[in-house]
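The structure under discussion appears below in the form of structure tokens.
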Amino acid sequence: MSDDTIRNDDWIIVRKIVVGINKLSSGTGHVIKFLILGLILVLFFEVTSRYVFGRPTIWALETSKMLLGVIGTWGWAYTHQHHGHVRVDILYMLFSRRVQAIIDSVMSLLLLFPLVFVMINVGFKWAVRSWVTHEKMVESSWLPPAAPFRSMLVIGFTLFALQCIAQFLCDIYYAFKKREML
Amino acid sequence: MIEALNYFFSSLSPEAITIIMFGSIFVGILTGFPLAVPIGAVGVIMGYFLFGPRAFDLIYSRVYDTVTNYGLMAVPLFVFMGNMLEASGIAKKMYDALYLWFGGFRGGLAIVSIIIGTVMAACVGIIAASITMLTLVALPAMVEHKYDKGLATGAICAGGSLGILIPPSIMLIIYGPVAQISVGKLFMGAFVPGFLLSFLYIIYLSIRCFLQPGIAPAIPKEERNVPFWTKTKLVLLTVAPTALLVLSVLGAIYFGIAAPTEAAAVGAVVATLLTVAYRKFTWKVLMDVSLSTIKLTGMVLLIASCSTTFVSVFLSAGGGGVVEGFILGFPGGRWAVFAMIMVVCFILGAFIDWIGIIFVMVPILAPIVPKLGFDPLWFAMMIIVNLQMSFLTPPFAYAMFFLKGAAPPELGITTNDIIRGMIPYVFIIAFSLILLIMFPQLVLWLPSKM
């Protein structure tokens with residue numbers, strides 16, 4: 001990795017951006033893996049206290065939903081970084097890496113960026129509205145505020161958008177230079 | 001400009017909109033870009049052209065509903081449970097025990113692969129975990145004992161793919177909310193078809209190996225010379241904890257004690273305890289299992305958000321009526337329609353990921369099923385059993401990818417071996433579909449007892 005950095009000193013700023021974003025995304029993955037454990041524990045606690053002790057909690061349902069929401073949306077960046085978003089690659093596999101890079105860049109510009117842009121935009125609007133109106137989550141009698149959760153979703157969308165940009169930069173680099181950036 | 005576009009698109013007939021929307025996701029998916037993106041983007045863009053900026057709020061609300069969906073919460077839990085069981089090494093123990101019992105028969109090791117695939121299927125909800133386990137545990141022994149490579153890999157692919165049919169299964173968990181059928185009923189409905197398939201696989205292997213002794217020789221007696229009681233004890237030691245796990249999860253759902261999500265949480269904890277009991281548990285195992293769970297969860301939730309957006313826009317634009325008109329007006333009556341749906345599902349399955357098929361196709365078809373006079377639960381099971389073939393039909397055969405990914409290179413397994421091995425199972429599944437059509441009670445009996 002360090003050797004490559006010395007040898008390939010072109011596009012140095014782009015390179016730094018991509019490396020930074022990749023670190024952020026894998027860091028995210030290592031944070032939310034604890035939330036998976038949290039989700040299991042919250043639900044297990046609820047099951048035990050309801051069925052064994054006959055005392056259901058009022059907070060478990062919405063806590064677990066919030067956990068799933070953060071795991072899901074924050075996980076998109078990590079999943080994207082590890083090429084986990086499933087592709088139908090019957091034709092794609094037949095192309096050279098360069099053609100694949102060009103396809104991916106064009107599709108990113110045409111469809112992916114507009115999609116994540118819309119998500120961030122609307123997500124931000126709802127998060128702000130939620131802070132201003134002191135919105136509550138109303139599925140149980142617990143009534144937690146909705147604003148922190150909605151803000152988490154926007155952060156998740158933003159992380160995903162950053163990872164999409166990093167992937168896009170790698171593809172563009174390959175399309176021009178015919179070799180991998182990292 | 002935008003008004004003009006709005007005007008233009010709202011003047012289009014629902015038929016034209018159907019063609020444009022499905023045409024564009026078809027092209028978008030074929031580019032090989034992550035499936036969710038073309039589906040979601042076509043939904044949002046088309047929604048914007050048809051209904052204006054309201055479509056932007058739509059995708060947000062779909063994402064919100066998806067990532068807080070209580071039913072989908074079972075996905076990470078069952079994936080965690082499957083990955084944890086893979087780490088527990090239980091498949092190896094089970095294989096070693098059953099090897100002693102079945103090794104003496106021709107094709108015995110292939111049959112053991114199907115049996116372990118079936119037992120694992122009742123513990124995990126994904127095929128990746130089952131196939132990886134079987135490939136690591138059963139494939140080397142079969143190759144070593146001069147089994148035909150096609151026969152060996154076919155048994156692993158078919159046995160491992162049962163993971164997503166026999167409950168608990170991610171496919172059923174996703175299908176339920178999408179078609180508005182209770183996941184518990186789907187679980188019970190999938191039991192008999194799942195074991196039926198497993199049974200047919202074993203029959204096929206026995207007959208084939210009986211007729212062609214060369215392809216799967218029996219293991220010599222000196223390699224399996226163990227006293228009867230030791231053999232029995234080995235089986236009990238592996239089967240008992242697994243049975244406990246299966247019963248704790250499925251029993252709770254069957255008797256209506258717990259929702260699938262709650263049962264999944266209990267299953268995740270029990271699988272972890274099992275790994276501790278087998279002395280395979282470390283902090284690193286826990287972290288790795290958790291990390292690999294994220295990827296599948298992120299993937300499913302993104303596709304779910306995007307597809308529900310697409311479907312909402314499509315249905316609001318009147319596309320549902322178009323599909324309904326087409327299906328109800330199809331010549332040849334309801335069985336011709338049914339045959340057409342099955343063929344389309346089979347062909348799509350060979351090319352597209354099953355998650356995409358379920359999320360896009362099922363919500364559009366589900367409201368039409370009762371109008372055709374079919375039982376929704378039975379129909380669901382026909383689609384799900386049909387999709388079993390999708391794992392085994394190239395070019396997009398998941399089972400093959402997972403097997404190739406996990407197979408040690410020195411075994412020299414080629415793609416051709418795997419494809420040759422998988423094809424007979426596609427016919428067996430097609431045959432079982434015919435059985436389920438002739439005897440719908442195979443699907444409906446168990447759920448009716450709930």
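Remember, it's a predicted structure, so these values are computed and weren't measured experimentally. We name chains A, B, ... by the order of the sequence lines, and we start the count at 1 in each one.
Heavy-atom distances place the side chain of A/Phe157, and not its backbone, under 4.5 Å from chain B. Contacts between B/Ile303 and chain A at a heavy-atom distance below 4.5 Å involve the side chain alone, from C-beta outward. Looking at B/Val266, both its backbone and its side chain come within 4.5 Å of chain A, counting heavy atoms on both sides. B/Pro76 touches chain A through its side chain: at least one heavy atom from C-beta onward sits under 4.5 Å away, while N, CA, C and O do not. Neither the backbone nor the side chain of B/Thr309 comes within less than 4.5 Å of any heavy atom in chain A. Of the two parts of B/Ile352, the backbone and the side chain both hold a non-hydrogen atom closer than 4.5 Å to a non-hydrogen atom of chain A. Proximity to chain A is limited to the side chain of B/Thr297, based on heavy atoms less than 4.5 angstrom apart. Heavy atoms of A/Ile90 lying under 4.5 Å from chain B belong exclusively to its side chain. Only the side chain of A/Tyr51 comes within less than 4.5 Å of a heavy atom of chain B; its backbone N, CA, C and O stay farther away. In this structure, the portion of B/Phe396 lying under 4.5 Å from any heavy atom of chain A is its side chain and not its backbone. Residue A/Thr48: no heavy atom, backbone or side chain, is found under 4.5 Å from chain B. Within the 4.5 angstrom heavy-atom criterion, atoms from both the backbone and the side chain of B/Leu302 approach chain A. The contact between B/Phe56 and chain A is made by backbone and side chain atoms together, counting heavy-atom distances below 4.5 Å.
Among B/Val269, B/Val289, B/Thr272, the residue with the largest count of heavy-atom pairs under 4.5 Å with chain A is B/Val269. Heavy-atom pairs under 4.5 Å with chain B were tallied for A/Gly123, A/Gly72, A/Gly75; the largest tally goes to A/Gly123. Taking B/Leu286, B/Ile29, B/Leu291, B/Leu30 one by one and counting their heavy-atom pairs under 4.5 Å with chain A, the maximum is reached by B/Leu291. Heavy-atom pairs under 4.5 Å with chain B peak, among A/Ile103, A/Leu67, A/Ile32, A/Thr73, at A/Ile32. Of the listed residues B/Ile355, B/Asp57, B/Val44, the one with more heavy-atom pairs under 4.5 angstrom with chain A than any other is B/Asp57. Top candidate by heavy-atom pairs under 4.5 Å with chain B, chosen from A/Leu110, A/Leu39, A/Leu35, is A/Leu39. Considering only heavy-atom pairs separated by less than 4.5 Å from chain B, the leading option among A/Val86, A/Val70, A/Val116, A/Leu153 is A/Val86. The most heavy-atom pairs under 4.5 Å with chain B, out of A/Val42, A/Ile71, A/Val47, come from A/Val47. Note: A/Leu68 leads A/Leu111, A/Leu112, A/Leu43, A/Leu68 in heavy-atom pairs under 4.5 Å with chain B.
Heavy atoms from other residues, nucleotides or ligands lying under 6.0 Å from NZ of A/Lys16 number 12 at most.
Using a 4.0 Å cut-off between charged nitrogen and carboxylate oxygen, A/Asp171 and A/Arg97 count as a salt-bridge pair. Taking 4.0 Å as the cut-off between side-chain N and carboxylate O, A/Asp104 and A/Arg87 count as a salt-bridged pair.
Using bins of under 30°, 30° to 60° and over 60° for the plane-to-plane angle, the ring pair B/Phe314/B/Phe22 lands in the perpendicular bin. Using bins of under 30°, 30° to 60° and over 60° for the plane-to-plane angle, the ring pair A/Trp126/B/Tyr60 lands in the parallel bin.
Side chain of B/Asn69 to main chain of B/Leu72: a donor-acceptor pair is present (N/O by atom type, distance under 3.5 Å, no hydrogens or angles). At distances below 3.5 Å, at least one donor-acceptor pair connects side-chain atoms of A/His85 with backbone N or O atoms of A/Trp76. For the pair B/Ser88 (side chain) and B/Thr275 (backbone), a donor-acceptor distance under 3.5 Å is absent. Remark: side-chain polar atoms of B/Ser290 are not paired, donor with acceptor, to backbone N or O of B/Met287 under 3.5 angstrom.
For an aromatic pair to be called close, the ring centres must be under 6.0 Å apart, and A/Phe45 with A/Trp59 satisfies this.
In this structure, A/Arg150 satisfies the cation-pi test against B/Tyr64, with its NZ or CZ atom closer than 6.0 Å to the six-membered ring centre and inside 45 degrees of the ring normal. Figure legend: cation-pi geometry between A/Arg15 and A/Tyr173, with NZ or CZ positioned under 6.0 Å from the six-membered ring centre and within 45° of its axis.
A/Leu115 has its side chain within reach of B/Cys306: a pair of non-hydrogen atoms, C-beta onward, lies under 4.5 Å apart.
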